[in-house]
Amino acid sequence: MAGLQQTNSEKILLSWVRQWTRNYPQVNVINFTSSWSDGLAFNALLHSHRPDLFDWNTVVSQQSSVQRLDHAFNIARQHLGIEKLLDPEDVATACPDKKSILMYVTSLFQVLPQQVTMEAIREVEMLPRHSKVTREEHIQVHHQHHFSQEVSCFTFLLPSCSSKVVASLTYPLSLML
């Protein structure tokens with residue numbers, strides 16, 4: 001069940017990110033690896049919540065991914081109190097570490113508004129799946145249970161932190177499996 005919880009948490013987190021970055025045409029977050037490597041997703045997420053902190057067009061025009069990542073991490077540290085947990089050089093790769101990205105995005109999720117719409121969750125459900133199946137995904141598929149009950153408040157633990165996060169949502173739990 002822990003693998004199932006992690007998958008559900010990731011879906012909700014990805015839904016939240018996509019919901020808040022959808023108005024940024026340069027950004028298309030579909031995963032917690034390569035979608036973050038150019039630095040635009042972190043900056044768009046911050047800008048969507050706090051547009052007063054920086055000019056989006058200035059960030060887009062910055063030459064390197066490392067500069068954009070450094071900008072986002074510095075803004076988050078100075079204005080949101082999130083420590084610079086990642087090195088821009090480690091993220092500006094073809095496939096940054098998924099757990100590291102999840103940890104940092106979870107930190108943002110904890111301090112920024114957390115509303116997630118049903119539309120955003122359905123959108124994540126429709127994203128294409130990679131043909132390469134991870135061991136966790138393989139185990140998760142074999143241990144899924146189908147529930148049809150409605151939940152009005154889904155409480156879940158994000159895998160990279162020890163704090164409890166509550167998402168106020170009403171939808172069939174089966175959508176998240």
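On a predicted model such as this, the values are computed, not experimentally measured, just so you know. Only this structure's heavy atoms are used, side chains among them; waters, hydrogens and symmetry mates stay out.
Listed for the Ser35 side chain is no donor-acceptor partner under 3.5 Å among the backbone atoms of Phe32. Ser37 contributes no side-chain N or O that, together with a main-chain N or O of Thr33, makes up a donor-acceptor pair within less than 3.5 Å. In this structure a side-chain-to-backbone donor-acceptor pair under 3.5 Å is missing from Arg68 to Val59. When atom types are taken as modelled, the side chain of Thr21 and the backbone of Ala41 share no donor-acceptor pair closer than 3.5 angstrom. A donor-acceptor pair under 3.5 Å is absent between the side-chain atoms of Tyr24 and the main chain of Asn43, judged by distance alone. A donor-acceptor pair is defined here as one N or O able to donate and one able to accept, closer than 3.5 Å; such a pair exists between the side chain of Asp38 and the backbone of Leu40.
For the pair Asp52 and Arg50, the salt-bridge criterion is met [side-chain N within less than 4.0 Å of a carboxylate O].
How far CG of Asn31 is from NZ of Lys98: 8.5 Å, rounded to the nearest 0.5 Å. Within the model, atoms CH2 of Trp36 and CG of Asp97 stand 14.0 Å from one another, a figure rounded to the nearest 0.5 Å. With rounding to the nearest 0.5 Å, the separation of CG in Leu108 from CE in Met103 is 11.0 Å. The NZ atom of Lys99 sits 12.5 Å away from atom OG1 of Thr106, with the distance rounded to the nearest 0.5 Å. Atoms CD1 and CG, on Ile82 and Asn74 in that order, are 12.5 Å from each other to the nearest 0.5 Å. The line from NZ of Lys84 to CG of Leu69 is 9.5 Å long, rounded to the nearest 0.5 Å.
When hydrophobic clusters are built by joining Ile, Leu, Val, Met, Phe, Trp and Tyr residues whose side-chain heavy atoms come closer than 4.5 Å, directly or via intermediates, Leu86 is not grouped with Val66.
Ring pair Trp16/Phe109 is perpendicular by interplanar angle, where above 60° counts as perpendicular and below 30° as parallel. Aromatic ring orientation, His47 versus Trp56: tilted (interplanar angle from 30° to 60°).
Of all heavy-atom pairs spanning Ile30 and Leu14, the tightest one is O-CD2, 3.8 Å. Here the closest heavy-atom approach between residue Tyr104 and residue Ala72 is recorded as OH-O, 4.3 Å. Pairing each heavy atom of Thr93 with each of Pro96, the nearest pair is OG1-N, 3.3 Å. Taking each heavy atom of Gln67 and Gln63 in turn, the nearest pair found is OE1-N, 3.2 Å. Shown here for Ser15 and Val124, the closest heavy-atom pair between the two residues is OG-CG2, 3.3 Å.
Side-chain contact between Val105 and Leu13 is present, with heavy atoms from C-beta onward closer than 4.5 Å. Residues Leu46 and Phe54 have side chains in contact (heavy-atom distance under 4.5 Å, counting atoms from C-beta outward).
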Original post:
Under the side chain to side chain contact (heavy atoms under 4.5 Å, CB included) criterion, do Arg22 and Val27 qualify, and how do the steps go?
Top reply: CA-CA 7 Å; Arg22 75 170 27 118; Val27 178; over 6 Å; no
Original post:
What do the steps show when you test Leu85 against Ser107 for side chain to side chain contact (heavy atoms under 4.5 Å, CB included), and what is the final call?
Top reply: CA-CA 10 Å; Leu85 303 170; Ser107 297; 4.0 Å; yes
